[in-house]
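Lettering of chains follows the sequences in order, A, B, ..., and the numbering in each one begins at 1.
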Number of protein chains: 2
Amino acid sequence: MTNSNDGNGGAATASIATGRANMQLGYTPLYLQVRQQLLDKLISGEWLPGAMLPSEQQLSVQMGVSQGTVRKALDALSADRIVVRHQGRGTFVAEHDQRRTLFQFFKIADDKGDRVLPETVYSQLRRAEPSTAESRLLGLRPKAGVWRIVRHRALKGRVMLNEQITLSEDRFPGLDVHVPLPNNIYELYERHFATTVARAAEQLRAVSASAQDADVLGCGETTPILQIDRQAFALNGALVELRRSRCLTEQFHYASDLR
Amino acid sequence: MTNSNDGNGGAATASIATGRANMQLGYTPLYLQVRQQLLDKLISGEWLPGAMLPSEQQLSVQMGVSQGTVRKALDALSADRIVVRHQGRGTFVAEHDQRRTLFQFFKIADDKGDRVLPETVYSQLRRAEPSTAESRLLGLRPKAGVWRIVRHRALKGRVMLNEQITLSEDRFPGLDVHVPLPNNIYELYERHFATTVARAAEQLRAVSASAQDADVLGCGETTPILQIDRQAFALNGALVELRRSRCLTEQFHYASDLR
DNA sequence: ACCTATAACTTTTATATAAGACTTTGGACA
DNA sequence: TGTCCAAAGTCTTATATAAAAGTTATAGGT
């Protein structure tokens, strides 16, 4: 009703960070600034995984922008699977529940194309010295150590995956307290080490089974193996996990959607 | 100022197809209906690849919805890489230029992570009878034939890929006229057979090189090979191409982004 | 011919408003 | 105690308006 006469339906009256900076480069639209602000709060731990964010209305008041701008920022975060939105319920910080782990971070499927949940049948954790490459990639202090996890994982009752994971000891202090490690390890990162894996990059190669592969997977030494190297990144972009999976692909395959 | 009292800023006053149908299921929001209408026109060939679509304003008038709704429909099409939008220029039907083929449909990269453009060094086309599986997947008529293409492709001067492609003869009549086939085969589908590949699914396995692989790729017969099976789908969702690539992964790898 | 300023066009961003649709909650009622 | 219904909260969809930013064409001056 009131329709106060301030009349300003215009744009960008409240540019948050950079004002009207618009020379050539260095201009970020308001909704992206809002997105970054929200992301910063998520990184800082102000809202923990599973928590409900304030409503769009509340956020718009807090941040001094319109509800539509908040919505666009939230939609962007939702597209990156950083938050999850439910109509009528609210917006929530994404959690590493089984479903997310299965669909976003586990690409092995059976011959019908259905994703299969892997079951950990053997798990070992030890502390080790990093290689120079690992130290560089993980951005470790000069003398810092790493955790090395070896897991054997079964699909439909047969051991199919031989997996090695490398983590910074600094980022995961006292990890050995949590032995035996749970099947969903990203949930552990999230709950106990304030580390949310937001995205990952994988490189796939076909290699020959090593003697150790043959032993673990119960195959011949020259059996072709799918080797998957993964780098997992946290919300702030930091590399937090190095992983190498060696996988039998006789009854299963790696599924990739191109779109 | 005016704040006219017609008041109707409300929603869904002009529902296109289903009206206010909203029982439990079977409700599609207006912007998705608009998206489908636009997609139908693209499928029908009303706008050819590379062509500019009418402006948002024109479309909103034509279709009897607001500009914002057209915008949301176009954004959805843009997210699926069906159209490409350029600020200040217009909205265009996506083309299978080299860049799109390279980034959307070719996942092989070198050890630095850079995508590499493959070069076709051998190409053969012949007509054949489909297997029952091929006939079923491609939805062929009972007596219909298929084209079979064999290509050998090189990366940085070395033959790395041994590729077999199967196409419906009905969908690609007179394909043999275009021999030798161009390097970018999706551009050929698009230009001469009104077939736009919109998305694809791939299944990856590690296998042993066959005698033929060994001959083509110049490797030993038991060398591990990355086998990539692909199904490519057109705009309307029809399966239009079956492809099996066998790939050496000593200097290159398949890159997959999980997000 | 070349450069510049201007205008006209586009998409993009931002705001305001309103109603639909979904979920949860709490109270009335049997 | 259990069920139903209404209310309140949420996200979702839709429209209208306006300004900003990028592109292209045109007119004008040097």
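Rounded to whole Å, atom C1' of dA14(D) lies 15 Å from atom CE of Met63(B). Rounded to a whole Å, the CG atom of Leu30(B) is 11 Å from the P atom of dT13(D). To the nearest angstrom, P of dT12(C) lies 19 Å from CD of Gln33(A). To the nearest angstrom, C1' of dT12(C) lies 8 Å from CZ of Arg85(B). Between the CG atom of Leu32(A) and the P atom of dT13(C) there is a distance of 7 Å, rounded to whole Å. Gln67(B) places its CD atom 19 Å from the P atom of dT13(D), with the value rounded to the nearest Å. For Tyr31(A) and dT11(C), the OH to C1' distance is 13 Å, given to the nearest whole Å.
Ion pairing of Asp257(A) with Lys107(A) is absent here, as no side-chain N (NZ or NE/NH1/NH2) approaches a carboxylate O to less than 4.0 Å. Here Asp110(A) pairs with Lys156(A) in a salt bridge; the nearest charged N to carboxylate O distance falls below 4.0 Å. Between Arg153(B) and Glu119(B), no side-chain nitrogen of the basic residue sits less than 4.0 Å from a carboxylate oxygen of the acidic one, so the salt-bridge criterion is not met.
Contact annotation: Arg71(B) side-chain N/O to dT11(C) OP1/OP2 distance is not under 4.0 Å. OP1 or OP2 of dT13(D) has at least one side-chain nitrogen or oxygen of Lys72(B) nearer than 4.0 Å.
Considering Tyr186(B), Phe103(B), Phe106(B) as possible partners of His96(B), the one that fulfils the ring-ring contact (aromatic ring centres under 6.0 Å, His included) test is Tyr186(B).
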Hey, what are the protein-to-nucleotides 7-10 of chain C N/O distances that come in under 3.5 Å?
unit_1: dT10(C); atom_1: O2; unit_2: Gly88(B); atom_2: N; d: 3.4

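You'll find that the side chain of Pro29(B) is closest to dT13(D), out of dT17(D), dA16(C), dT13(D).
Between His178(A) and Phe193(A), the distance from one ring center to the other falls under 6.0 angstrom.
Side-chain atoms of Gln203(B) and Gln231(B) include a donor-acceptor pair closer than 3.5 Å.
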